[in-house]
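Structure first, then comments.
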Amino acid sequence: MDKRYDPDAVETKWQRFWEDEKIFKAEKDSTKQKYYLLEMFPYPSGSLHMGHVRNYSIGDVVARFKMMRGLNVLHPMGWDAFGMPAENAAIKNRSHPAIWTMQNIDHMRDQLKRMGFSYDWDRELATCHPEYYRWEQWLFLRMLERGLVYRKKSIVNYCEPCQTVLANEQVEAGCCWRCGTPVVQREQQGWFFKITNYAEELLDWCDRLTGWPEKVLTMQRNWIGRSRGARIFFDLEDGGGSIEVFTTRPDTLYGATFMSLAPEHPLCLELSTGTPQEKQVREFINRVLTQDWQSRTGEEAEKEGVFTGAYCVNPLTGRRIPVYVANFVLYDYGTGAVMAVPAHDQRDFEFARKYGLPIVVVIQPDGDRLDPATMSEAYVDQGVLVNSGEFDGMDNISAMGAIAQKLASMGKGGPTINYRIRDWGISRQRYWGAPIPVIHCPKCGVVPVPDEALPVVLPTDIEFPESGRSPLPDLDWWVNVDCPACGGPARRETDTMDTFVESSWYFDRYACPRYNKGMIDQDEVDYWLPVDQYIGGIEHAILHLLYSRFFTKVLRDMGIKKSDEPFTNLLTQGMVIKDGAKMSKSKGNVVDPEELVSKYGADTVRLFCLFAAPPERDLDWTSEGVEGASRFLNRVWNLIHQFKDLRAGQPTTTAEGPARSIRRLTHRTIKKVTEDIETRFHFNTAVAAIMEMTNELSRVDPQEVQAKPDVAAAYLEALKAVVVLLSPFVPHVAEELWEALGGRPGMVRVPWPTYDSALLVQDEVLIVVQVNGKKRGEVIVPADASEEVVKKAALAASNVQRFIEGKTVRKAVLVPGKLLNLVVG
RNA sequence: GCGAGAGUGGCGGAAUUUGGUAGACGCACCGGACUUAGGAUCCGGCGGGGCAACCCAUGGGGGUUCGAUUCCCCCCUCUCGCACCA
């Protein structure tokens, strides 16, 4: 394979070598600094797409680079193997989700291997394997013991086509994150993880995740949504308890003139039942609750409501205020009830105007007097309190605290912090997922499956029903069990866990994938975790990344993991675009990686992915660009083969001349490539620098290389550098060329080159001469020339003279080694 | 509406970290060489205007500076995220 570059032969050869030699096997070694590099594991959908190839190519550069830097690198791969597409495919092909999944895994594993990624395949795991999810079930039971799991009846998001409940995080703009169908609300029993217990910590740590993109942190902060305010109890007029509200504006309490409840709020019906309002309230609630999400919350949605017939009492004014049901109040947020202050909240203002409710101004802006009768919108800014009893005259910011304190002393509420984040609903009425390990006993209630009975294996000996409905509830032999507590007849839980549960801790399991004495081998996890660099798509900015952070904190608090956070650094890569749109089957613009690899080889495909754009940006796919990458590799191949028999000693040159220029080029490029990879992940500019270097090397006269020993030595050093610098990007062809140059196979064991800064300095430098900031000439001066010397040379340049003729040089600004600006006037 | 990011040749993108020759590298295109042939390869050109000296040019407008793609202010456009959050 000497003459022509044959990617297929080269790649097969080296992939076999890496596998045979177990080059990428990672082992704990406390004497070495570890580096845990992780890319988000794929869902085994059938075959690799370009997004995967890009993600994993980026990761592979980092992995190989860190290996060459001498770090002990853990770079694992596995499968996010539970999930709905498997069920859909099973229905379509009259097959079984497990078979479909396993076939896909086999195919995609081959594809990954064909790409030459540096994974330690001995650590491969699949989340649908009972030996994986048994520990997830084990953790579920521990969380249950610690009160971090609970079951409740609640109004949940339900996706009809997917026939399952969705967590809040899994609803995007009112639609299912997976299939895009609008979700409907449903009341249902389900299991929840108490992520709200960690809301505060999850938020606080956002400030300490300095290795994460600000964009992702902002999204997480908004999702958690902390707001400072007060809780306030409004007693119901007719005895019978009170309505609790949360408000960020306790300073406006004296202006609260009515109360608004979310239609889902149980009090709506409770309060109206038996009153003349009952019928109207029922009709209103029914209408709102059956409305789809779009029309209820869309921009044009009008604020509407109905009086419930009940009154409650403003705790500070003692005034009775009517209780309304209002369509714009969210049951999910705060307490599902809002004190309405029409003068100082735009929604309440509109609502009050519509239904003729009183508007009381309690905040007056500086130098203005608001009049409820003439106001055209709510006043929401700062001001001084009026109509507020003892608080009159106080600025509203101070009043927030003062009023909250007053409420606390009255036992009617007090200062509080509210979070937007809800608990994580993990129940899924689906088959292809990890069974929730509990048993329902008519006598004992919910009984945990005993640890020794784990795993609760998902029965695979089933006929998958065409309806798509989970077969589990109908599997009598599986469902009917003896209660572990009383021994009486009982039923298994038939909900399975949200598949995001599996992906919330797989990175821990990679540290000890075959450990069978527990979920986590602490020694291994303490050594490898946290993940030093995580790489994946931005689409997981909230879901997966937030859940994983939560799990890490739970495991830490259980004492089985030390890290506070799972991922120290996060890189979110852009999408792969073609013809201006994301690659998708429906758009018909998909490019199949497998076809490309068989046409050009994996190295070319990898190189293009890395060269065409920096990782965080979208990558515009062009077939011409791939051709370009392929051409470059051919040029490198030919260049190396032209000189592979060159024999030369160690380069030692220091005197100016061709050898010195070549060495300067080499060391300049080493510096550039190293910095681009290490500090910025700017692989596109790193590759560009190597291209520039090879371009310059091919311009050197081969006869001169052969004839002069010092040039030959410098040239050989340069060629080796090109190959080494390229090796993280295009590892197969690099190994082949390295071997041709007499190097030992296994380039990740070759130390990454360092540059000699002494070689970067030049004896003579080019100084750009500007006159009044515009370039007027260049001069070459000795590198150590004084300002006087440079100035003299500059003034002597003929073009410069034209621009200063007849004028005085008022000032000269010298940027050493670069530029001289003459200010004339 | 709010928040974040981005606007540079025909295209993808450099230079923004530290203000210092704008357009690296690649693609496309044009010309040439080799050739029976070239869609292979190699060499050269390639922001716009001008014969040239030069002038203009980094979304638009202002500002700071000897000097601004880079810093500051205003505006426009695009992308992404959130969107009645009380």
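Here is how names work: the chains are called A, B, and so on, in the same order as the sequence lines, proteins then strands, and each is numbered from 1.
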Item to check | Where the chi angle of G9(B) falls, syn if within 90° of 0 and anti if not | outcome: syn
Checklist entry - For residues R802(A) and N799(A), is any side-chain donor paired with an opposing acceptor at under 3.5 Å? => result yes
Item to check | Note: E200(A)-R226(A) ion pair, threshold 4.0 Å (strictly below) | outcome: yes
Nucleotide N/O of nucleotides 22-26 of chain B paired with protein N/O under 3.5 Å:
from   : atom 1 : to      : atom 2 : distance (Å)
A24(B) : O2'    : E692(A) : OE1    : 3.0
A24(B) : O2'    : E692(A) : OE2    : 3.2
G26(B) : OP1    : N695(A) : ND2    : 3.1

Checklist entry - If we ignore angles and hydrogens, is there a donor and acceptor under 3.5 Å between the side chains of Q573(A) and R617(A)? => result no
Next on the checklist: Using side-chain heavy atoms (C-beta onward) and a distance below 4.5 Å, is F683(A) in contact with D676(A)?
Outcome noted: no
Checklist entry - With a 4.5 Å limit on heavy-atom distance, are the side chains of V769(A) and E778(A) in contact? => result no
Checklist outcome for this item: Under the rule of Watson-Crick or G-U wobble with both distances under 3.5 Å, where | means paired to another strand and [ ] a crossing pair, RNA chain B maps to (((((((..(((.......[....))).(((((.......))))).(((....)))..(((((..]....))))))))))))....
Item to check | Whole-angstrom distance between C34(B) and C43(B), as gauged at atom P | outcome: 15 Å
Next on the checklist: Please give the distance between the C1' atoms of G32(B) and U17(B) as a whole number of Å.
Outcome noted: 43 Å
Checklist outcome for this item: Side-chain contact check for R776(A): nearest option of C85(B), C55(B), U21(B) is C55(B)
Checklist entry - Honestly, is R347(A) close enough over F328(A), meaning NZ or CZ under 6.0 Å from the six-membered ring centre and within 45° of the axis? => result no
Checklist entry - Out of C54(B), A14(B), A86(B), which nucleotide sits closest to the side chain of V338(A)? => result A86(B)
Checklist entry - Between G12(B), C84(B), G20(B), which nucleotide gets closest to the side-chain atoms of L819(A)? => result G20(B)
Checklist entry - If you check every side-chain atom of K774(A), which of C55(B), A83(B), C66(B) has the closest atom? => result C55(B)
Identify all side-chain donor-acceptor contacts of residues 691-698 of chain A below 3.5 Å with residues at least two apart in sequence or on another chain.
from    : atom 1 : to      : atom 2 : distance (Å)
T694(A) : OG1    : I690(A) : O      : 3.4
T694(A) : OG1    : M691(A) : O      : 2.8
N695(A) : ND2    : M691(A) : O      : 3.4
S698(A) : OG     : T694(A) : O      : 2.6
S698(A) : OG     : N695(A) : O      : 3.2

Item to check | Exercise: do Y331(A) and S154(A) side chains pair donor with acceptor under 3.5 Å | outcome: no
Checklist entry - If you look at every strand shown and take non-hydrogen atoms under 4.0 Å, does Q346(A) touch a base, only sugar-phosphate, or nothing? => result nothing
Item to check | Within residues 327-337 of chain A, residues whose heavy atoms come under 4.0 Å of RNA chain B | outcome: F328(A), V329(A), L330(A), Y333(A)
Checklist entry - Can you tell if the side chain of M40(A) reaches within under 4.5 Å of the side chain of H544(A), non-hydrogen atoms only? => result yes
Item to check | Evaluation steps, side chain to side chain contact (heavy atoms under 4.5 Å, CB included), between I321(A) and C312(A) | outcome: CA-CA 5 Å; I321(A) 64 179; C312(A) 62; 3.7 Å; yes
Detail all sub-3.5 Å separations between protein N/O atoms and N/O atoms belonging to nucleotides 5-10 of chain B.
none

Next on the checklist: Classify K303(A) by what it touches in the nucleic acid, base, sugar-phosphate, or nothing, heavy-atom distance under 4.0 Å.
Outcome noted: base
Item to check | C1'-based separation of A28(B) from G9(B) [nearest Å] | outcome: 12 Å
Checklist entry - Start at the 5' end of RNA chain B and walk down; is the nucleotide closest to A262(A) or to W223(A) reached first? => result W223(A)
Checklist entry - Taking the six-membered ring for Trp, is the centroid-to-centroid distance between F351(A) and Y324(A) below 6.0 Å? => result yes
Next on the checklist: I'd like the P distance from A86(B) over to A68(B), given in whole Å.
Outcome noted: 46 Å
Checklist entry - When you compare G23(B) with U58(B), how far apart are their C1' atoms, in angstrom units rounded to a whole number? => result 9 Å
Atom pairs and distances, donor-acceptor, side-chain atoms in residues 620-629 of chain A, under 3.5 Å, two or more places apart:
from    : atom 1 : to      : atom 2 : distance (Å)
T622(A) : OG1    : G625(A) : N      : 3.0
E627(A) : OE2    : Y600(A) : OH     : 2.8

Checklist entry - Expressed in angstrom and rounded to an integer, what is the separation of K818(A) atom NZ from G19(B) atom C1'? => result 10 Å
Checklist entry - Considering only the C1' atoms, how many Å lie between G62(B) and C76(B), rounded to the nearest integer? => result 15 Å
Checklist entry - What interatomic distance, in whole Å, is found between P of A83(B) and the corresponding atom of G7(B)? => result 27 Å
Item to check | Euclidean distance for C1', C66(B) against G12(B) (whole angstrom) | outcome: 36 Å
Next on the checklist: For a 4.5 angstrom cut-off between non-hydrogen side-chain atoms, does T572(A) reach L570(A)?
Outcome noted: yes
